[in-house]
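Structure first, commentary second.
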There are 2 protein chains.
Amino acid sequence: MSALINAIPTLQIRYNEQGLVPAIAQDYLDGTVLMMAWMNVESLQKTLQTGEAWYWSRSRQELWHKGATSGHLQKVHSIRYDCDSDALLMTIEQIGDIACHTGERSCFHQIEGTKIAPPADTLSQVYRVVADRLV
Amino acid sequence: MSALINAIPTLQIRYNEQGLVPAIAQDYLDGTVLMMAWMNVESLQKTLQTGEAWYWSRSRQELWHKGATSGHLQKVHSIRYDCDSDALLMTIEQIGDIACHTGERSCFHQIEGTKIAPPADTLSQVYRVVADRLV
């Protein structure tokens, strides 16, 4: 059972007509927005129970344990909801540092049709190097 | 005419059944996610033309020039779209440093029902003080 279990009043969230709420995943270290996907009440509950991000895949119409296939799991550090309870924001630790199915770090890599890496915080990059060496 | 005018291929964005796309506003200095709202093609085009954030108000069913009433305008520094072209991410300069209608800095201030300010980057706070003193 994760420490997040009661972080969100799951039944008070305002899901849309499809029963979904947008969920933003942000790197817990440098604040880069990595992706936005959708959760239904079941995926939100599984996220809170396991401490890993579960979404609802609109294309496959099924629960989506992010990274279950690729290994790029998302460990959720915090989760909050907005002032009108219809959007979620998570800070996450992105395993493999790749959130996008294209292999890019962030899904938001497109500016004017070209691929540009989102800005990353130099201090966080140094931290990652140090943390990797401690293992 | 703003420098963003061609930043997004507005007609290639995948709007939902209501003609809307979610738009995330992130502080351009410290990366705090301030809010998520919705844009239709017209509000996106006005955002690109003016360099200020325009949304679509789902409750009022009208174009919403953020800050037109409160003064809390959002100057858009960059805008990008995600890998499947159905979400937008803007880095913005939040005039007044208040994005939420509740008076909080960020709309995402709720954790476990209590109000907690999102983390802010100390260096960015110092930068703001210095920048203010230069004016």
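Just so it is clear: chains get the letters A, B, ... in the order the sequence lines come, proteins before strands, and each one is counted from 1. The figures here come from the full heavy-atom set of this structure, side chains too, leaving out hydrogens, waters and symmetry mates.
- Residue B/Y28 holds its OH atom at 9.5 Å from OG1 of B/T91, rounded to the nearest 0.5 Å.
- Using non-hydrogen atoms only and a strict 4.5 Å limit, the part of residues 11-26 of chain B facing chain A consists of B/E17, B/Q18, B/P22, B/I24, B/Q26.
- Rounding to the nearest 0.5 Å places CD1 of B/I92 at 10.5 Å from OG of B/S78.
- Residues B/H109 and A/C83 have side chains in contact (heavy-atom distance under 4.5 Å, counting atoms from C-beta outward).
- Residues of residues 36-61 of chain B that come within less than 4.5 angstrom of chain A, heavy atom to heavy atom, are B/M36, B/W38, B/R58 in numerical order.
- A/D97 CG to A/D27 CG: the interatomic distance, rounded to the nearest 0.5 Å, is 6.5 Å.
- The side-chain heavy atoms of B/I98 and B/R105, taken from C-beta on, include no pair separated by under 4.5 Å.
- Judged by distance alone, the side chain of A/T32 and the main-chain N or O of A/L34 form no donor-acceptor pair under 3.5 Å.
- Taking CG of A/L4 as the reference point, atom CD1 of A/I79 lies at 7.0 Å (rounded to 0.5 Å).
- Rounding to the nearest 0.5 Å places OG of A/S106 at 8.5 Å from CG of B/D82.
- Here the CG-OG1 distance, from B/L88 to B/T10, works out to 10.5 Å after rounding to the nearest 0.5 Å.
- Taking 4.5 Å as the heavy-atom cut-off, none of the residues of residues 63-77 of chain B approach chain A.
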